[in-house]
Amino acid sequence: MSNNGKSEAVDRPVNFIRNIIDEDLAQQKHKQVHTRFPPEPNGYLHIGHAKSICLNFGTAADYNGKCNLRFDDTNPAKEDMEYVDSIKNDVNWLGFQWADEICYSSNYFDQFYAYATELIEKGLAYVCFLNAEESREYRGSLKEPGKDSPYRDTSVEENLALFTKMKNGEFKEGECVLRAKIDMASSFMCMRDPTLYRVRFEHHHQTGDKWCIYPMYDFAHCTSDAIEGITHSLCTLEFQDNRRLYDWVLEHLNDFNKPDRPHQYEFSRLNLEYTVMSKRKLHQLVDDNLVEGWNDPRMPTISGMRRRGYTPASIRDFAERIGISKVDSMTEMTVLEAAVRDDLNKVAPRSMAVLDPIKLVIENYEGEPQALMAPIHPQNEEMGKREIFFGKELYIDRADFSEVAPNRKFMRLALDKEVRLRNAYVIKGERVEYDADGNVTTVYCTYDPDTHGKNPADGRKVKGVIHFVEASKAVPAEFRLYDRLFTVENPAKEDNFEAVINSESLSVKQGYIEPGLVDSKPEQAYQFEREGYFCRDNQSGEQQVYNRTVALRDTWSKK
RNA sequence: AGGGCUGUAGCCAAGCGGUAAGGCAUCUGGUUUUGAUCCAGUGUACCGCAGGUUCGAAUCCUGCCAGCCCUGCCA
């Protein structure tokens with residue numbers, strides 16, 4: 001059957017949803033797979049949505065099916081065009097194309113109205129004048145059954161008239177709702193005569209002022225799926241109970257009570273360590289100015305991660321690595337980081353940048369700086385070479401020098417010790433100058449002119465390699481280093497998650513880049529050798545600002 | 001006696017009656033002008049616990065335990 005945990009259709013990990021699809025296809029329940037990604041446009045997309053996007057679009061693509069992008073826009077009070085635009089943008093950026101036109105639940109408002117009418121005519125829905133509080137009391141509790149609304153037995157004719165009045169704006173907000181007549185004693189709370197329609201005098205971003213009644217999620221979602229011919233409606237675990245209502249609605253509508261109607265399947269949402277995933281909390285971080293905005297590189301939003309330097313391929317790979325299941329889980333950051341590193345390692349041109357510079361003088365070098373050629377990618381010659389410079393004055397990183405090597409493992413520059421300047425020559429530390437505070441200002445070295453592109457002729461072994469930038473050609477740049485946004489694994493569990501924000505989640509450095517980098521494009525990834533993967537900030541215009549996407553894997557600093 | 005789900009190595013996650021895939025993390029070697037990459041190797045997983053069925057159970061049955069979700073005119 002399944003070979004090494006891979007799906008038959010494509011070389012991709014199997015999951016329970018693919019198993020269901022394989023079965024449905026085998027039994028010819030559906031001819032083609034049709035999924036949908038149904039965000040509500042009330043916030044920006046985050047990495048958790050990316051998991052769902054990859055699942056829905058990815059699965060459809062693997063089975064040669066289709067996937068719709070559908071805005072679940074049934075609550076105009078919370079929604080906005082700003083979000084629909086950003087969502088479209090993020091989905092495209094991730095590399096997915098929706099089938100045909102973009103869909104909106106609001107496209108189907110006329111049909112929803114007709115379906116609601118059908119339910120009323122069948123005696124399966126009624127207009128209820130209980131207010132919100134009364135309605136809650138009548139609902140009962142988890143352990144106690146509810147009791148029937150006094151409006152439950154209103155005649156079909158009267159309900160029809162009442163519902164028309166609701167639509168015509170003859171009732172105030174909150175005065176009445178349309179409810180399904182199901183079972184006030186059901187153990188599923190969502191089946192205790194759930195609300196189907198409520199009155200809202202709101203302007204809708206798609207339908208304007210045409211409607212003053214808006215359908216509830218449970219009524220709109222299943223019917224939208226059915227209208228669009230969705231076969232597999234994938235959502236997260238908290239909708240498991242709602243599936244009973246999903247099925248009830250479709251089974252009681254003539255158009256949809258067929259074997260090939262949509263079915264809902266639930267998978268677990270993504271939880272990532274050291275961050276939050278709820279829209280409410282992300283909204284709060286933005287509103288309370290704890291981050292720069294939705295696209296702050298520390299945010300788990302698609303736009304934030306994009307600005308940080310994550311690539312679409314790396315996010316898709318991450319989604320594949322974490323898999324799909326029904327287990328409540330918490331994924332470690334290392335999985336995400338490994339996914340970006342794997343992608344960037346392959347595609348990122350190499351460069352050198354000094355983030356915390358100290359001056360280094362080559363005492364035995366005279367004359368103008370010289371140009372040297374360096375590989376753009378040491379493991380991929382096809383990427384070509386770049387020009388770098390070497391000269392009398394250079395910058396190296398403060399952390400790469402120590403007057404006295406702290407231990408035998410120290411592989412960087414120290415006095416009377418040799419080290420390789422990456423892509424250039426072997427140098428030896430000779431002496432050092434300090435400022436009044438005891439900080440190193442300049443390190444004086446000599447270089448071995450016969451070591452470019454080769455080891456010392458006399459067989460001396462030089463183990464250490466450090467990076468540098470030639471001073472006269474160096475271009476000043478700002479580097480922004482990011483760390484986890486929170487100090488605890490699961491900030492959502494805190495009483496006040498804002499209290500556990502990592503105050504050191506951003507540190508800014510002023511240093512230098514190779515001159516060849518001045519025209520770098522925003523979001524283009526580079527590996528600054530020995531420092532990590534960086535990209536030009538997409539919000540800083542002409543300024544040389546680089547965001548660190550992720551540091552290089554570090555297997556020695558903790559020892 | 002509310003109901004719905006879930007429990008496989010530190011973290012994800014395959015497996016669906018024939019004797020435990022894979023990834024991340026960890027650790028150990030090797031290569032290396034990035035302490036990166038790459039390569040090779042590295043895990044007694046009492047398969048939540050306890051019974052039962054079976055020649056044989058992570059897979060079937062029973063009971064128990066733990067965690068998550070459900071009482072919006074939110075989605």
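Numbers restart at 1 for each chain; the letters A, B, ... are given by sequence-line order, proteins then strands. We use all heavy atoms of the structure for the numbers below, so side chains are in, but hydrogens, waters and symmetry mates are not.
A distance-only check finds no donor-acceptor pair linking the side chain of A/Thr207 to the backbone of A/His204 [under 3.5 Å]. Not one N or O on the side chain of A/His221 forms a donor-acceptor pair closer than 3.5 Å with the backbone of A/Asp218.
Checking B/C5, B/G2, B/A75 against the side-chain heavy atoms of A/Arg243 singles out B/C5 as nearest. Considering only the side chain of A/Met189, B/U71 comes nearest among B/A25, B/U71, B/A36. Taking the side chain of A/Phe410 as heavy atoms from C-beta on, and the options B/G35, B/A25, B/G72, the nearest nucleotide is B/G35. With B/U71, B/C73, B/A25 as the candidates, the nucleotide lying closest to the side chain of A/Arg136 is B/U71. With distances taken from any side-chain atom of A/Arg139 to the nucleotides B/G72, B/G35, B/G15, the minimum falls on B/G72. Ranking B/G23, B/U37, B/A13 by closeness to the A/Arg321 side chain, first place goes to B/G23. Checking B/G4, B/G2, B/C74 against every side-chain atom of A/Asp241, the shortest atom distance belongs to B/G4. In this structure, of B/A36, B/A75, B/G2, it is B/A36 that holds the atom nearest to the side chain of A/Leu552. With distances taken from any side-chain atom of A/Arg350 to the nucleotides B/U34, B/C70, B/A13, the minimum falls on B/U34. Listed nucleotides B/C5, B/U71, B/C24 differ in distance to A/Gln240; the shortest reach to its side chain belongs to B/C5.
Residues A/Tyr274 and A/Phe486 place their aromatic rings such that the two centres sit no closer than 6.0 Å. For A/Phe389 and A/Phe468, the gap between ring centers reaches or exceeds 6.0 Å.
Side-chain atoms of A/Gln527 and base atoms of B/U34 include a donor and an acceptor less than 3.5 Å apart. The base of B/G35 sits within donor-acceptor range of the side chain of A/Arg412, with an N or O pair under 3.5 Å. For A/Glu332 and B/G10, a side-chain-to-base donor-acceptor distance below 3.5 Å is present, hydrogens and geometry of angles not being considered. Counting atom types as modelled, A/Glu79 pairs no side-chain N or O with a base atom of B/A75 as donor and acceptor under 3.5 Å.
Taking CG from A/Leu421 and CG from A/Leu413, the interatomic distance works out to 8.0 Å, rounded to the nearest 0.5 Å. To the nearest 0.5 Å, atom CZ of residue A/Arg269 and atom CG of residue A/Leu237 are 9.5 Å apart.
Within 4.0 Å (heavy atoms only), A/Met330 reaches sugar-phosphate atoms of the nucleic acid but no base atom. Within 4.0 Å (heavy atoms only), A/Asn345 reaches sugar-phosphate atoms of the nucleic acid but no base atom. Across all strands, A/Ala338 comes closer than 4.0 Å only to sugar-phosphate atoms, never to a base (heavy-atom distances). Residue-level contact check: A/His452 touches the bases, meaning some heavy atom is under 4.0 Å from a base atom. In this structure, A/Val177 reaches the bases: a heavy-atom distance under 4.0 Å links it to at least one base atom across the strands shown. Across all strands, A/Leu130 comes closer than 4.0 Å to base atoms (heavy-atom distances). Among the protein residues, A/Glu40 comes within range of the sugar-phosphate backbone only, with heavy atoms under 4.0 Å from sugar or phosphate atoms but none that close to a base. Backbone-only contact: A/Ile324 has heavy atoms under 4.0 Å from sugar-phosphate atoms and none from a base. Counting any heavy atom pair closer than 4.0 Å across all strands shown, A/Tyr197 reaches no nucleic acid atom. Among the heavy atoms of the strands lying under 4.0 Å from A/Lys409 is at least one base atom, whether or not backbone atoms are also near. Note on A/Pro378: a base of the nucleic acid sits closer than 4.0 angstrom, heavy atoms only. Residue A/Thr195 is in sugar-phosphate contact alone, with no base atom involved, counting any heavy-atom pair closer than 4.0 Å across all strands shown. Using a 4.0 Å heavy-atom criterion, one finds that A/Asn242 contacts the bases of the nucleic acid, with or without backbone contacts as well. Contacts of A/Gly464 with the nucleic acid, taken as non-hydrogen atoms under 4.0 Å apart, are absent.
A/Arg280 has its CZ atom 17 Å from the P atom of B/G72, to the nearest Å. Taking atom CZ of A/Arg269 as the reference point, atom P of B/U6 lies 18 Å away to the nearest angstrom. In this structure, A/Tyr533 atom OH and B/A36 atom P are separated by 12 Å, rounded to whole Å. When the C1' atom of B/C73 is taken as reference, atom CG of A/Asn75 falls 10 Å away, rounded to whole Å. As rounded to whole Å, 10 Å separates atom P of B/U32 from atom CG of A/Asn455.
Closest of all the heavy-atom pairs between A/Cys235 and A/Arg36 is N-NH2, 4.3 Å.
When the C1' atom is compared between B/G56 and B/G43, the two are found 26 Å apart, to the nearest whole Å. B/A58 and B/G48 have their P atoms separated by 10 Å, with the value rounded to a whole Å. Taking atom P in both B/C46 and B/A40, the straight-line distance is 29 Å, to the nearest Å.
Checking the phosphate oxygens (OP1, OP2) of B/G23, no side-chain nitrogen or oxygen of A/Arg12 falls inside 4.0 Å. Dashed line: the shortest gap from a side-chain N or O of A/Arg341 to OP1 or OP2 of B/G23 is not under 4.0 Å. OP1 or OP2 of B/G15 has at least one side-chain nitrogen or oxygen of A/Asn19 nearer than 4.0 Å. Residue A/Arg530 places at least one side-chain N or O under 4.0 Å from the OP1 or OP2 atom of B/G35. Contact annotation: A/Thr74 side-chain N/O to B/A75 OP1/OP2 distance is under 4.0 Å. When the side-chain nitrogen and oxygen atoms of A/Arg553 are compared with OP1 and OP2 of B/U26, one or more of them lie within a distance under 4.0 Å. Note on A/Arg198: every side-chain N or O is 4.0 Å or more away from OP1 and OP2 of B/G72. For the OP1/OP2 pair of B/G4 and a distance below 4.0 Å, the side-chain nitrogens and oxygens of A/Ser187 include no atom meeting the criterion. At B/C11, none of the side-chain N or O atoms of A/Thr331 fall inside 4.0 Å of OP1 or OP2 (strictly under the cut-off).
Residue side chain A/Trp556 meets the stacking definition with respect to B/G35: its ring centre sits within less than 5.5 angstrom of the base's six-membered ring centre, and the planes differ by less than 30 degrees.
Checking A/Ala424 against A/Leu237, the closest nucleotide of RNA chain B that is more toward the 5' end is the one next to A/Leu237. Annotation: of the two residues near RNA chain B, A/Phe16 and A/Arg200, the 5′-most nearest-nucleotide partner is A/Phe16.
At least one cation-pi condition fails for A/Lys326 and A/Phe267: the charged atom is not both under 6.0 angstrom from the six-membered ring centre and inside a 45 degree cone around its axis. Judged by a 6.0 Å distance limit and a 45° cone about the ring axis, A/Lys281 is positioned over the six-membered ring of A/Phe497.
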- [ ] Start with the C-alpha gap between A/Leu552 and A/Gln527, add the side-chain angles, then the distance that decides, and say whether side chain to side chain contact (heavy atoms under 4.5 Å, CB included) holds.
- [x] CA-CA 9 Å; A/Leu552 258 28; A/Gln527 185 196 99; 3.9 Å; yes
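In this structure, B/G72 shows a glycosidic angle within 90 degrees of zero, which is the syn conformation.
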